[in-house]
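Just the heavy atoms: all of them, side chains too, but no hydrogens, waters or symmetry mates, feed the values below. Residue numbers start from 1 in every chain, and the chains themselves are labelled A, B, ... in the order their sequence lines are given, proteins ahead of strands.
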Amino acid sequence: MKIAITSTGNSPDSKLDSRFGRCSYFVIYDTESHSTEFIPNPSKENIEGAGPASVQLIASRGAEKVVSGEFGAKVKSLFDSLKIQLVVLNDPQKKISEIIKLLNH
Amino acid sequence: MNNPPHFKGFRPIGLPEENNPVIINFEEYEAIRLSDFELNGQVEAALIMGISRPTYARIYESARRKVAQAFVQGKAIVFEGGKVYFDSEWYSCNSCGCWFNHTEKEQVIKNCTLCGSTDIEQYDESHQQGNAEDIFICPECGNEKIHSPGTPCRNEICPACNCQMVRKGAPHHHRMRNRNNN
């Protein structure tokens, strides 16, 4: 299964980005191959519609779960209708590598 | 409701954009989805939406008329609000402190999706907001019962004395209380 995580940087030592639509990077983690891919968020500087654009990006990568600090109202209902699970982690100090370790429980 | 549409609406092909689109509420969209896409009967569909069958029929009728109007007059359709709430259930994990929802209602959740801990709790909105539930009261013995949406009110019968119950706090209830006091 693929899981998307919002990240502030492009290394496993970067921290979780608490914003969803305007995060710096998306990490796509594959639980089967244990591979990670960092994608810069193209809609980071958008004035409007960053959330839905990010939803599109994540859905196109085939992720089934998203980990972030917060999701907006528009984004929540979009993910609901796409049947993608949301995980809200209110800990901006968590590193991407630590989250991946948690996911491998 | 389960599945809000993930787009904003429809536009007719080959017509200049008009500014008075037909507005379809989410509940009307849901009614069409349940009846004509998932092919539920009206009774089942009403239960799924948590409303009575007559109300469902009214919403569904209105939805079909709007769709027909848009088709015939070449109007755009826009999905908008209405009285709906989205019902993916949320859980919190006491081990890693995260919150998560799940997309399949039928599936039972036992483990935290992030850390796998079994120490999780379901988030219950009715406790948080102190939602007033629909309570029915028996005019004879004062027995109270929570009314479940979808069952007709007149079918709420007091289990103790077999008489018809009334909604607590409704005009009926007040009238009966006054009569009893006199």
Side-chain angles (χ1 to χ4, degrees), chain A residues 1-6 15-18 20 27 29 31 48-49 51-60 62-105, chain B residues 1-9 24-27 29-30 32-34 37-38 48-49 78-123 125 128:
Chain A
M1 183 185 17
K2 284 184 180 170
I3 300 164
I5 309 166
T6 56
K15 286 171 180 149
L16 175 76
D17 202 319
S18 55
F20 170 73
V27 187
Y29 175 66
T31 48
E48 204 185 14
S54 303
V55 172
Q56 285 293 328
L57 177 75
I58 282 176
S60 71
E64 289 169 46
K65 250 187 225 180
V66 192
V67 184
S68 184
E70 222 178 283
F71 299 95
K74 266 192 218 165
V75 167
K76 271 185 194 164
S77 56
L78 276 175
F79 276 132
D80 261 7
S81 56
L82 290 165
K83 296 207 177 294
I84 295 175
Q85 190 179 31
L86 306 177
V87 181
V88 177
L89 188 58
N90 206 352
D91 186 358
Q93 295 307 314
K94 268 259 190 311
K95 286 181 187 165
I96 299 303
S97 54
E98 289 173 335
I99 294 171
I100 287 173
K101 208 185 279 172
L102 281 175
L103 286 167
N104 283 324
H105 56 260
Chain B
M1 72 184 274
N2 273 327
N3 303 64
H6 49 83
F7 49 94
K8 286 179 184 160
I24 291 193
N25 295 333
F26 283 152
E27 64 249 39
Y29 163 87
E30 180 78 346
I32 289 189
R33 191 182 72 83
L34 288 172
F37 185 73
E38 297 201 339
I48 294 171
M49 285 178 73
V78 172
F79 296 130
E80 226 170 63
K83 285 178 226 142
V84 290
Y85 59 95
F86 304 113
D87 61 358
S88 63
E89 285 159 27
W90 284 82
Y91 295 81
S92 66
C93 171
N94 294 330
S95 168
C96 65
C98 76
W99 291 84
F100 60 95
N101 70 352
H102 70 121
T103 46
E104 303 294 336
K105 262 197 117 180
E106 297 77 29
Q107 204 179 311
V108 183
I109 301 291
K110 289 204 183 85
N111 298 84
C112 170
T113 183
L114 187 62
C115 67
S117 158
T118 50
D119 190 11
I120 59 167
E121 268 174 45
Q122 190 172 347
Y123 176 75
E125 265 179 43
Q128 293 281 324

Fill in: Atom pair CG/SG of A/L89 and B/C115 - distance to nearest 0.5 Å
9.5 Å
Fill in: Shortest non-hydrogen separation from A/L86 to B/N101 and the atoms involved
N-OD1, 2.8 Å
Discussion item. Taking side chain as everything from C-beta outward and backbone as N, CA, C, O, which of these in A/I3 sits under 4.5 Å from a heavy atom of chain B? Side chain, backbone, both or neither.
Written reply: neither
Discussion item. Looking at A/Q56, I'd like to know if its CD atom is crowded, meaning that more than 12 non-hydrogen atoms belonging to other residues, nucleotides or ligands lie closer than 6.0 Å.
Written reply: no
Fill in: Partners meeting side-chain hydrogen bond (donor to acceptor under 3.5 Å, both in side chains) with A/N104 (sequence neighbours left out)
A/Y29
Worksheet item: Which atoms of B/C112 come close to chain A, meaning under 4.5 Å heavy atom to heavy atom: side chain ones, backbone ones, both, or neither?
Response: backbone
Worksheet, complete the sentence: Contacts satisfying ring pair (Phe, Tyr, Trp, His ring centres under 6.0 Å) that involve residues 63-90 of chain A (not counting sequence neighbours) are A/F20-A/F71, A/F20-A/F79
Discussion item. Could you report the tightest heavy-atom contact between A/L103 and B/T113, atom names first, then the distance?
Written reply: CD2-O, 4.0 Å
Response to the item:
Greatest number of non-hydrogen atom pairs under 4.5 angstrom with chain B, of A/K101, A/K76, A/K65, falls to A/K65
Worksheet item: Can you tell me how far SG of B/C98 sits from NZ of A/K94, rounded to the nearest 0.5 angstrom?
Response: 9.5 Å
